[in-house]
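Residue numbers start from 1 in every chain, and the chains themselves are labelled A, B, ... in the order their sequence lines are given, proteins ahead of strands. The analysis underlying the following values was restricted to heavy atoms, covering all of them including side chains, and did not include hydrogens, waters or symmetry mates. It should be emphasised that the depicted structure is a prediction, and the values quoted were computed from it without experimental measurement.
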Amino acid sequence: MASALPKFTKIAKVIRLNRHGCTNRPFYHIVVQKTKDNQDGPVIEQVGSFDAMPNNKNEKLVALNFERIQYWLSQGAKLSDPVAQLLGLSGFLPNHPRTIIQAWKNRREPPRERKIEAIKGIAPPLDNPKL
Amino acid sequence: MATRAVMFTIGKFRCFPILKNRIAKFTSSSNLLNTSTFDTGYTRDPSEVFFKENVQALLDRLTGRDYEKVFQNRKLGQRLEPPKYELLTQAEVDQVMVEMEVKLKKKLQMPPLLKEREPVTKILSKDAELQGFDNCKYVFIDISQGINDRKREVVVRDPNGVLRDASWEERQKMCQIYFPLPGRQISMPKMFEETHLQDCLDQGQYQFVLDRACAQFEPDDPDYIRVTRKTYNCIDENNKFSTLRSTRHFGPMVLHLVLCKRMDNLLFHFITSKEVKAAADLVRLFHLVWSDSSPSELDEFQLIENYIQGPAVKKPALELAWQTFLEIEKQRLEALSQQNKASN
């Protein structure tokens, strides 16, 4: 089956989240950039946005330009983990293992409380619950 | 039955959604009570009738062509320009009239009457392994260029891992956020809530309400249907048909009244303002909608008389108006014939 290999340019391109917004209020642009460029450096194309703060209906809004994402993937662009997770959640790609692991961790029961005995005559139990 | 009547007249709109399935039974049993506020109207799909060519032609004729009204400067928050006067030859005037005709058709394009849309139930994937990945839902919209908003993919991933098509409300909100249409708000304006809507209609702002509803909602939105039906019924009760004449909303209003079998007030209005052609068109529309056939009489007067004798609901008022009109016609014709004799 003939399949064209993706064109490997010298500097790889990647689709990742660029943080915009303000302090304590993140808003991400989903962009195609060269890997070596900074987060706030030159951007080849913006292919979407992700609002990480839930709105008053408890929704996180994600806009994805699937047509352009498909194009850049065909041109050999890589995906960063968060973007791959978002694409998995949207149904464009299979579910990312990180999402599954995070979900499992969230569902896991909280660790059992360990009762710390006082050492007689020497010291009372510390308040640190991790010990 | 009497106690039920009391309940309906006192009850406020808050009761409306709960009592919806009881209302149809009630209205069919007593026509005497003014059931306008609780009238569900009709269960038939209006789009079957609305898009027929002969119905469209009749509605177009009924709407009228008052150029002054269609092209008047309306205070809609846009900058008004003073009128331009130009000196033109007859050929140029004809050319301009042709262009104006095209513009008029666009301004008088009737918003369609559709039945309420079915809620979206499509589930794309159920991933139990993703349960609890986050405690809020993720709404995804495809922002590729060149897609119609109704076909745009909007999906929602719920915290329980289900990936589903977005509901109509979610879809409209997302499309408005990322591809805004002018005149439309993201959430429903307070004006369309029952109390505020009633206030607007009491002030007589029918065209404003209908224009804003057209901008805000899709034609198959249950809110759009509720707002427009309420406005049409209000106009019918108060006999303010002339406010909508030569606007894009007159056609849908007429079709709504015909489907509800409430066109008698409108017929009365046409007869008393001596618009025989319009009255005849209305009766023809009635026959088209309810028996799907054009009536055999070609004479307009006969057509209207047959309707008044036959399917009309408000017979006494209509008969009186019709007799008065016939007398006035007779006197007018006599006066004309005397004038002709005198001149000859």
Side-chain angles (χ1 to χ4, degrees), chain A residues 15 17 26-32 45-74 79 81-110, chain B residues 119-181 185-190 223:
Chain A
I15 304 176
L17 300 180
F27 184 90
Y28 297 98
H29 287 195
I30 302 170
V31 295
V32 179
E45 187 181 343
Q46 184 187 354
V47 287
S49 68
F50 168 47
D51 187 355
M53 301 276 278
N55 63 11
N56 56 2
K57 299 258 169 73
N58 204 26
E59 298 162 348
K60 286 186 182 171
L61 306 184
V62 187
L64 293 161
N65 192 337
F66 289 118
E67 200 197 311
R68 293 304 292 166
I69 291 173
Q70 264 187 311
Y71 168 74
W72 284 112
L73 288 176
S74 75
L79 294 171
D81 269 346
V83 173
Q85 284 190 52
L86 281 177
L87 289 174
L89 283 176
S90 71
F92 186 70
L93 290 178
N95 295 329
H96 199 277
R98 281 195 162 204
T99 330
I100 297 169
I101 290 168
Q102 188 60 48
W104 177 78
K105 281 185 180 172
N106 292 345
R107 285 196 308 266
R108 208 170 43 168
E109 282 175 26
Chain B
V120 172
T121 49
K122 189 172 172 193
I123 291 180
L124 299 166
S125 154
K126 287 184 188 173
D127 297 309
E129 58 200 2
L130 290 181
Q131 280 178 68
F133 73 95
D134 202 341
N135 46 12
C136 48
K137 46 182 175 161
Y138 281 60
V139 186
F140 297 91
I141 178 172
D142 179 9
I143 51 171
S144 309
Q145 295 292 317
I147 308 179
N148 194 349
D149 269 357
R150 283 180 86 86
K151 296 196 182 106
R152 207 168 274 284
E153 297 252 330
V154 184
V155 298
V156 178
R157 177 75 75 168
D158 289 321
N160 60 6
V162 164
L163 182 67
R164 57 175 173 85
D165 262 346
S167 65
W168 289 110
E169 292 81 23
E170 286 165 344
R171 157 179 293 277
Q172 184 166 328
K173 197 175 72 131
M174 288 298 273
C175 287
Q176 183 57 20
I177 289 170
Y178 291 98
F179 297 96
L181 286 173
Q185 283 185 11
I186 291 171
S187 53
M188 186 176 88
K190 280 197 157 23
D223 278 321

Answer key: most heavy-atom pairs under 4.5 Å with chain A among B:Leu130, B:Leu163, B:Val154, B:Val155 is B:Leu130
Taking every non-hydrogen atom, the tightest pair across A:Lys57 and B:Lys137: O-CE, 4.2 Å
Side chain / backbone / both / neither for A:Leu86 at chain B, heavy atoms under 4.5 Å: both
Pick from A:Leu89, A:Val47, A:Thr99: which one has the most heavy-atom pairs with chain B under 4.5 Å? A:Leu89
Is A:Asn55 close to B:Lys173 at the side-chain level, that is, under 4.5 Å between some pair of heavy atoms? yes
Measuring from A:Asp51:CG to B:Ile177:CD1, what's the distance to the nearest 0.5 Å? 9.0 Å
Hey, which of A:Arg68, A:Glu59, A:Gln102, A:Lys105 has the most heavy atom pairs under 4.5 Å with chain B? A:Glu59
Can you confirm whether B:Asn135 sits close enough to A:Asn106 that some side-chain heavy atom of one is under 4.5 Å from a side-chain heavy atom of the other? no
Rounded to the nearest 0.5 angstrom, the CG-CD distance for A:Asn65 and B:Gln145 is 7.0 Å
Closest non-hydrogen atom pair between B:Gln131 and A:Ala103, with its separation: O-CB, 3.5 Å
I need the B:Asp142 CG to A:Leu64 CG distance, nearest 0.5 Å. 8.0 Å
What's the separation between atom CZ in A:Phe50 and atom OH in B:Tyr138, rounded to the nearest 0.5 Å? 4.5 Å
Side chain from CB out, backbone as N, CA, C, O: work out which of these in A:Arg107 comes under 4.5 Å of a heavy atom of chain B, or both, or neither. side chain
Gap separating the CD atom of A:Glu67 from the CD1 atom of B:Ile147, nearest 0.5 angstrom: 7.0 Å
Can you see which heavy atom on B:Tyr178 is nearest to which on A:Ala63, and at what distance? CE2-CB, 3.5 Å
Name, in order of residue number, those residues of residues 90-98 of chain A that have a heavy atom at a distance of less than 4.5 Å from a heavy atom in chain B; otherwise write 'none'. A:Ser90, A:Gly91, A:Asn95
Closest contact, heavy atoms only, B:Met174 versus A:Val62: CE-O, 4.4 Å
For A:Gln85, I'd like to know if atom CD has over 12 heavy atoms of other residues, nucleotides or ligands within 6.0 Å. yes
